[in-house]
Amino acid sequence: MEYNHRDIESRWQNYWKEHGTYNTEVDKNRPKFYVLDMFPYPSGAGLHVGHPLGYIASDIYSRYKRLNGFNVLHPMGYDAYGLPAEQYAIQTGQHPEVTTVNNINRYRSQLDKIGFCYDWNREIKTCDPEYYKWTQWTFIRMFNHYYDRDADKALPIAELIEKFEKNGTEGVNAASSQDMSFTADEWKAMTDKEKSDTLMNYRIAYLGNTMVNWCPKLGTVLANDEVSEGVSVRGGYPVEQKLMYQWCLRVSAYAPRLLEGLDRIDWTDSLKETQRNWIGRSEGAQMKFKVDGKDLELDIFTTRADTIFGVTFMVLAPESEYVDLVVTDSQRKEVDEYIAAIKHKTERERMIDKKVSGVFTGSYAINPIAGTRIPIWISDYVLAGYGTGAIMAVPAHDSRDYAFARHFNLPVIPLIEGADVSEESFDAKSGKMINSASDKLDLNGMEVKDAIAATKEFIEKEGIGKVKVNYRLRDAIFSRQRYWGEPFPVYYKDGIPCTMDDNQLPLQLPEVDKYLPTESGEPPLGRAKNWHTPEGYPIELCTMPGFAGSSAYYLRYMDPRNGNELVSHEANDYWRNVDLYIGGTEHATGHLIYSRFWNKFLYDLGLVCEDEPFKKLINQGMIQGRSNYVYRIKDTNTFVSYNLRKDYDVTPIHVDVNIVSNDILDIEAFKNWRPEFATAQFILEDGKYVCGYAVEKMSKSMFNVVNPDDIVEKYGADTLRLYEMFLGPLEQSKPWDTNGIDGVNRFLKKLWGLFYKGDTLLVDDAQPTKKDLKSIHKLIKKVSADIENFSFNTSIAAFMICVNELSQQKCHSREVLEKLLIVLNPFAPHVTEELWHILGNEGSICDAQWPSYSEEYLKEDEVTYAVSFNGKARFNITVPADMPRDEVEKTAIGAEGAKKWLEGKTIRKVIVVPGKIVNIVIG
RNA sequence: GCCCAGGUGGCGGAAUGGUAGACGCGCUCGUUUCAGGUGCGAGUGCUGCGAGGCGUGCAGGUUCGAGUCCUGUUCUGGGCACCA
């Protein structure tokens, strides 16, 4: 029998499906293990060969854990809401659901061909009402909770209302959009609308006027992680800043816990670092500066309180609410013009245009420690969204302040001994302080870090300010002016937002006639008929963003068909959290922050039992495309082979990589590829047309997209799986290069050859030889360790070595071969399942037991040592493996080859490295 | 500017401080075949006829011994960024 992958793979895929081999249930007698892939957004282009990389890795690990006795939860689903389906709907009028379902079906058929062990009974789609019911349900909980800083968790908003009724804001320590202060009586006197507005300051899901990233081209707002360098991540359209009344999630309240939680999870350092940067903790001081001649204090934030004596001016962000309060009448016109000009610019323009600009307000502030009178300016280099939107400028020790001071001719006072500030500022936090004394405080002579501490202590004591920690992490903007997303379970009663009752969920996405905004500029849901409650109250028109549905999907997999709860206590208590999460780095600051936030919120409510959702996370690298080129001689239809192209004036042209094999062009296929090439002529080298290549992004326009279906058809899923893993370390990005796939395919054929010669089954029950045992035990040891370390490429090398050894040793021992099959099963599930049954085993190989290895079989009879002199290896000696070290030393020194090195020298030291080297140090 | 990774043959890549280049691709030779392909066997870091010499981006250091540890430097890839 020949190795026929088509036969084998379809047969076993059907078997697994029919037998429900991979279905999973809670089983308290077995330890659980939860392996999760980041679920895909089903795009219209289908899967390319890069997508399954992480899925294959997680599949290997899942199968390995299962063979080791774990009850493995390994589900898959679809992140089904997203912009592309909606854009397509706008263009074609086709309902996004239709497109999405088609794409999902295509994904599913592609995934099925690769032989994954997903429990498809647990499949979820974020656009399924039975799924998004729980997204809406959680949103309502977020609306009805606030973050209590004293309890350090989310608490019901009713408890906050109680506090307001008793003592007003007195004693309330809660995360809020702005500081509020009122008495119980003032609270009671508020109208319902006023109370609602007040509570919005505290709710975890709240409506707020915030500066948002508005993308006019997409007609929607975007979250910070959906914008990169001033353009939208999807589509690359310009994004501008706009003040809008939007739903937001108070993610910032969780910033300290999101930061602290990183220390308890097993993620790569670089990913944790990326999150730490994104959260952006910075410890400093908030200080009050009096405005001269006005009853007003400016709050500023600084990490360099020590530089207080070098403050020569203040700067406000153009959007700062202080602006109106400090601008003098004489400066009003100039300021208004400046602010108008800034508003006109998009975020991108502001970033590209790094020219210094600003305007004087006409007012002065008083330095609370030095007592100096300093001008207050406005400039766009100060951001409204960070700190207080106002700074004290210390040009000598901050490069941005320095540039501003030089441009507007403001004084620069150096504060650190030896710092030369004639050309640039001195930003380093080191050195001895100078010029830093008044009758209140004397920092002169102190080291910078001592001066920072001393200043902080002073300002707290004097009530000038307080020590404060600031986070860069912003609240997530949660409204999208789009159709294809979860509707908000919110209606407006006399202008007051109210959430629906749980029994009204899911609030289903209504039908609309077009997927565009209405004529009056309302979101597409404004087109829906009867989009109001039975009482006639209008329902929110925005929908939720993409990350809403993907923030808790890992919980839903635990109990996907539960109609009464997001996840039952029993299921959650058993599966707990994700033990291994595999996916791309592109989600580092989006999904992976939101999910952690979402999970911590549910944890606060006692709905889940773990506060971190993903224990271990691995980022698989990206697979880039490898494009091929042909070289057309200019103005002809003649193509010249790669190595001969220098002799001609040629134009490189992308050629479809699917008609190129090992960089050799299939000329017939090329002629059929495009009509204009039908009559092409070729200048060959050695009778072949060799193509050039380049590593580029995998994309249709470069004709370098490799579809896994084609690889599966030609070589089989097992070969695809092995090859993707063999390509290199999992976490590294690498180009897809089909050259070399023959190597792993050849390996599978060799494996088959261990079992069959022609149609004769070779397997026997004879005792395995010592050598055979050694080969297989070496393999088990290596592969077990490699899988634990996610070093799959080296395991495959080990398989190749083992199969070569066994075939050389003509090993046909059932005992050895069965072990080989089990160990190989996670990598190549189809062929191993086939051979497992050929050996007469019943049931799936998945239920076998991972073999253990014994050092006993790995022992060597003889060991070869390299004998070196002063570290230079000179000759080898071979001695019995159990020879004691001092005997080995003597043998090495007495060996024939040692004579010439020892002549006239004294031996200083002899080092014996077990099994490797005898180093004789001579002098 | 700040923070991460990483530089090893023609290529992808292996190497608990212990014979650098496992394994695979490619290439060369032989063999099977009418032939091509496949299969099988041998070889393949550079240099030299050879003994040998030189080799892990560069420069130092620690060590009997460094691709691996330390210091500096340089290049490449990625992330963050008027964040006070």
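- In this structure, A/W736 has its ring center under 6.0 Å from that of A/Y723.
- If you check B/rG52 for Watson-Crick or wobble pairing at under 3.5 angstrom, you find it paired to B/rU47.
- Using a 4.0 Å heavy-atom distance criterion, A/E731 is classed as making no nucleic acid contact.
- Using a 4.0 Å heavy-atom cutoff across all strands shown, A/I391 reaches at least one base atom of the nucleic acid.
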Please test A/W267 against A/L592 for side-chain contact (heavy atoms from CB on, under 4.5 Å), starting from the C-alpha separation and ending with a verdict.
CA-CA 11 Å; A/W267 295 10; A/L592 288 174; 4.2 Å; yes
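- Searching all strands for a Watson-Crick or G-U wobble partner of B/rG6 with both distances below 3.5 Å returns B/rC75.
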List the steps, then state whether side chain to side chain donor-acceptor pair (under 3.5 Å) holds for A/T738 with A/Y715.
CA-CA 11 Å; A/T738 313; A/Y715 296 99; over 6 Å; no
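- Counting any heavy atom pair closer than 4.0 Å across all strands shown, A/R746 reaches sugar-phosphate atoms only and no base atom.
- At whole-Å resolution of the value, CE in A/M622 and P in B/rG79 are 9 Å apart.
- For the OP1/OP2 pair of B/rA81 and a distance below 4.0 Å, the side-chain nitrogens and oxygens of A/R400 include no atom meeting the criterion.
- The gap from the P atom of B/rG57 to that of B/rU8 amounts to 6 Å, rounded to the nearest Å.
- A/L727 comes within contact range of the sugar-phosphate backbone alone, with a heavy-atom separation under 4.0 Å but no base atom that close.
- Atom-to-atom, CD of A/E319 to P of B/rC83 comes out at 15 Å; the value is rounded to the nearest Å.
- Note: CG (A/L473) to C1' (B/rA81) measures 16 Å, nearest angstrom.
- Close to B/rA84, at under 4.0 Å from its OP1 or OP2, lies no side-chain N or O of A/Y381.
- Residue A/Q275 has no polar side-chain atom (N or O) positioned under 4.0 Å from OP1 or OP2 of B/rG79.
- Taking a cutoff of 4.0 Å between a charged side-chain nitrogen and a carboxylate oxygen, A/D263 and A/R276 qualify as a salt bridge.
- Between the CD1 atom of A/I796 and the P atom of B/rC25 there is a distance of 13 Å, given to the nearest Å.
- Contact check, A/N793 against B/rA14: a side-chain N or O comes under 4.0 Å of OP1 or OP2.
- For the pair A/K749 NZ and B/rC40 P, the interatomic distance rounds to 10 Å; values are reported in whole Å.
- Within 90° of 0 lies the glycosidic angle of B/rG9, which makes this nucleotide syn.
- Position along RNA chain B of the nearest nucleotide to A/V921 versus A/L271 favours A/L271 as the more 5'-ward residue.
- In this structure, A/L316 places its CG atom 16 Å from C1' of B/rC82, rounding to the nearest Å.
- Between A/T303 and B/rC83 there is no side-chain polar atom (N or O) within less than 4.0 angstrom of OP1 or OP2.
- Nucleotide B/rU19 forms a pair with no other nucleotide shown, judged by Watson-Crick or G-U wobble geometry with both contacts under 3.5 Å.
- Nucleic acid contact class of A/P735 (heavy atoms, under 4.0 Å, all strands): none.
- In this structure, CZ of A/F792 is placed 22 Å from P of B/rC23, rounded to the nearest angstrom.
- At the heavy-atom level, A/D401 lies nowhere under 4.0 Å from the strands shown.
- Within the nucleic acid shown, A/K750 comes within 4.0 Å of sugar-phosphate atoms alone, with no base atom in reach, counting heavy atoms only.
- Taking 4.5 Å as the limit, every side-chain heavy atom of A/N470 sits out of range of all side-chain heavy atoms of A/T303.
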Given side-chain contact (heavy atoms from CB on, under 4.5 Å), test A/R281 with A/V469 step by step and report yes or no.
CA-CA 7 Å; A/R281 182 181 196 275; A/V469 176; 3.6 Å; yes
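- Across every strand in view, B/rG41 sits in a pair with B/rC29 that passes the Watson-Crick or G-U test at under 3.5 angstrom.
- Counting only heavy atoms from C-beta on, A/F726 has its side chain closest to B/rG24 among B/rA84, B/rA22, B/rG24.
- At whole-Å resolution of the value, CG in A/N470 and C1' in B/rC82 are 16 Å apart.
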